[in-house]
Structure formats: structure tokens, C-alpha cells
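Here's the structure, in C-alpha cells; my notes come after.
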Number of protein chains: 2
Amino acid sequence: MTKLRAYDCAVGCPVEATLDLIDGKWKGVILYHLREGTLRFNELGRRLTGITQRMLTKQLRELEEAGLVERVVYAQVPPKVEYSLSAEGRSLEPVIAALAAWGEARIARMAKAA
Amino acid sequence: MTKLRAYDCAVGCPVEATLDLIDGKWKGVILYHLREGTLRFNELGRRLTGITQRMLTKQLRELEEAGLVERVVYAQVPPKVEYSLSAEGRSLEPVIAALAAWGEARIARMAKAA
DNA sequence: CAGTATCCACCTAGATACTG
DNA sequence: CAGTATCTAGGTGGATACTG
């Protein structure tokens, strides 16, 4: 037993709750791109450098399950599937914007340091 | 080759840049707790339900290397080590606050839905 | 008190190939 | 077009024991 004592999880957990949803290299960026509007599966893929179809599918399913993204399938051939932010997802926009703004400032600082 | 084409990484990457730094279940929460002031190693540990010493050490080292957290060692027995936000870390406060605020609202919504 | 040192199970995510 | 199916290397993080 080296596990540290636990006595106040509630404090700070909201941060974790949010991060859990937008975690993992892709979700935040997906949300970022969907802010601008609806995108089809491959349109989104093209905006996410290096992601595989498998990963994109997985991340979108998780975002959908979290209620942040909506998926609309058009019954046609060739298939057409559109992804967009749900109301809950749009409520995250200020958070995504904060992440983006800070990231930009940080990148600028790093560039200047070099 | 199923990897999707890449042609505009720069867009949205700031989000990823930020998330990379506060990623992984603990860092965001650590930053959250350090907002309130300097904390010693075990004080911090007690606030992070279920974290092991190994993990806490690792996360703190990474935050330190990212320049977000400062570590001050007092040459005494028993040891005393204090952690606090650096200036760069403090610049993240609005972001952490946004994450926390949204998380709280989300948790409240979920509670009401049940 | 504030860590190190090991060991290990699991998961993540990439590569690749195939399909309705 | 929008996925699914497999396989797998590597990393993440947990458990546990030990220490200056």
C-alpha cells in the first residue's frame, strides 16, 4: 500500500470529468473542427492529420455516446454521413476556444524562444 | 494505407497542443489544486483520490518539464518539497476554470436527468 | 516525507486489409 | 463513401516493496 489517502474527490473532479470527454489526442480537435459546421466522415478525416479510419470512427462513436456529437445517416448510395455538434457539444465551444487560444499563445512563445 | 490524407494540420492543432500538456487523468486536476497555492507532495497526493506515489511523481515531473509547475526542495530532514504553478502555469488558470465550470454544469445536468 | 525500483496487465492506437 | 475486421507494438498506469 503506497496508494495515497483519499478524502475529497469531489473537489477538482469536474476538471477530470470534462477532460475525460475531450481526452486523447483527437477528440478535442474533432470538436474544434465541428464548431464550424457539419462535416462528413472523410471531410473530417482530411482535417485530422494522420488519423486512421478506425480511430476516427472510434472517437466519433465515443463523442456521440457522450452526447456531444450528432450523427446523421442518409440512406443513399454512395453513403453519406454527417457529423455535427449537439446542443451539449456547442456548450463546450467556449472551453475549446480557451484551449485553442492558450495553445496558440503557447506556440507563439515557444517560437519566440527559438 | 488507410491513413487519411493530411493537408492542414496547423488548423486546430493548438487545441491538441494544450491538451497534450494537461492530458491523462491527473494533470488537469493537479493544476486545478495548485491554483489555490503551494502544496507539498503528500498534501497534493491526499487531494487526488487514488493516485499512487509513482504516478504523482511522474505527472509532476512532466508538468515541471512543460514549465507549468515549479518544484522547490528544502534541504532538511524530514524532506520538504513544495509545488506551485509557474507564471506559465498560472496563465492556464482561465482554461482550467473553463474546464471546471463546464464539468460542474455537466454533472448537474446529469444529476437532474437521473 | 518524498520519493525509487520493479513487475506486469491492460489499453491505446497504429498498420493493414477488406466491404456493403 | 463510410466504415469493419485483425493483429500487434508500445505505452500507461496500477500494485507492491523499499529508502535517504
Side-chain angles (χ1 to χ4, degrees), chain A residues 1-7 9 13 15-16 19-30 33-34 38-66 69-84, chain B residues 1-7 9 13 15-16 19-30 33-34 38-66 69-84:
Chain A
M1 69 82 247
T2 255
K3 188 172 294 186
L4 298 162
R5 282 295 316 294
Y7 66 80
C9 167
C13 276
V15 174
E16 194 183 338
L19 282 177
D20 274 354
L21 297 179
I22 62 180
D23 209 347
K25 191 175 179 183
W26 297 117
K27 283 178 193 158
V29 187
I30 289 174
H33 284 288
L34 288 180
T38 296
L39 287 174
R40 297 178 62 174
F41 183 83
N42 279 338
E43 286 177 329
L44 200 42
R46 268 176 242 115
R47 284 171 171 74
L48 301 171
T49 305
I51 197 171
T52 59
Q53 291 177 320
R54 178 175 126 74
M55 264 300 115
L56 182 53
T57 301
K58 188 161 166 282
Q59 304 300 304
L60 284 169
R61 293 290 184 280
E62 290 175 12
L63 288 169
E64 200 190 345
E65 207 196 324
V69 160
E70 269 157 17
R71 177 170 182 265
V72 177
V73 181
Y74 295 87
Q76 61 181 52
V77 176
K80 175 177 173 180
V81 180
E82 288 186 338
Y83 293 92
S84 58
Chain B
M1 70 71 257
T2 256
K3 188 173 293 185
L4 298 162
R5 284 293 316 296
Y7 65 80
C9 166
C13 275
V15 175
E16 193 184 339
L19 282 176
D20 274 354
L21 296 178
I22 62 179
D23 209 345
K25 192 173 177 185
W26 297 116
K27 284 177 193 157
V29 187
I30 290 174
H33 283 288
L34 288 180
T38 296
L39 287 173
R40 298 178 61 173
F41 183 82
N42 279 338
E43 287 178 328
L44 201 41
R46 268 176 243 117
R47 283 171 172 73
L48 302 171
T49 305
I51 197 171
T52 58
Q53 290 178 320
R54 177 176 125 75
M55 264 299 116
L56 182 53
T57 301
K58 189 162 164 282
Q59 304 300 305
L60 285 169
R61 292 290 184 280
E62 290 176 11
L63 287 170
E64 199 190 345
E65 207 196 326
V69 160
E70 270 157 15
R71 176 171 181 265
V72 178
V73 181
Y74 294 87
Q76 61 180 51
V77 176
K80 175 178 174 180
V81 181
E82 288 187 338
Y83 292 92
S84 59

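Since this is a predicted model, take the numbers as computed values, not measurements. Naming: A, B, ... by sequence-line order, numbering from 1 per chain.
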Are any of [X]'s side-chain N or O atoms less than 4.0 Å away from OP1 or OP2 of [N]?
| X | N | result |
| --- | --- | --- |
| A:Arg61 | D:dG3 | yes |
| A:Arg40 | D:dG3 | no |
| B:Lys25 | D:dG14 | yes |
| A:Arg71 | D:dG3 | yes |
| B:Tyr83 | C:dC1 | no |

Crowding at CD, B:Gln76 (>12 non-hydrogen neighbours, <6.0 Å): yes
From [atom1] of [X] over to [atom2] of [N], roughly how many Å is that when rounded to an integer?
| X | N | atom1 | atom2 | result |
| --- | --- | --- | --- | --- |
| A:Gln53 | C:dA13 | CD | C1' | 15 Å |
| B:Asp20 | C:dA13 | CG | P | 11 Å |
| A:Leu56 | D:dT4 | CG | C1' | 13 Å |
| A:Asp23 | C:dA13 | CG | P | 8 Å |
| B:Gln59 | D:dG14 | CD | C1' | 13 Å |
| A:Ile51 | C:dT16 | CD1 | P | 17 Å |
| B:Lys58 | C:dA5 | NZ | P | 15 Å |
| B:Tyr74 | C:dC1 | OH | P | 17 Å |

Out of D:dT4, C:dG14, C:dA2, whichever nucleotide has its closest atom nearest the side chain of A:Trp26: C:dG14
Nearest-nucleotide pick for B:Asn42, side chain only, options being D:dC1, C:dC1, C:dG3: C:dC1
B:Tyr74-B:Glu82 side chain donor-acceptor pair, cut-off 3.5 Å: yes
Which heavy-atom pair separates [X] from [Y] by the least distance, and what is that distance?
| X | Y | answer |
| --- | --- | --- |
| B:Leu21 | B:Ala66 | CD2-CB, 3.8 Å |
| B:Phe41 | B:Gln53 | CZ-O, 3.9 Å |
| B:Ser84 | B:Thr38 | CB-OG1, 3.5 Å |

Of A:Thr57 and A:Pro79, the one whose closest DNA chain D nucleotide lies more 5': A:Pro79
Donor/acceptor link under 3.5 angstrom from B:Arg54 side chain onto base of C:dG3: no
DNA chain C stem ranges, 3 or more consecutive Watson-Crick or G-U pairs under 3.5 angstrom: C:1-20 with D:1-20
Pairs involving residues 20-29 of chain A, ordered by first then second residue, that meet salt bridge (charged side-chain N to carboxylate O under 4.0 Å, His left out) (sequence neighbours left out): A:Lys27-A:Glu62
Side chain A:Glu43, main chain A:Arg40, donor-acceptor under 3.5 Å: yes
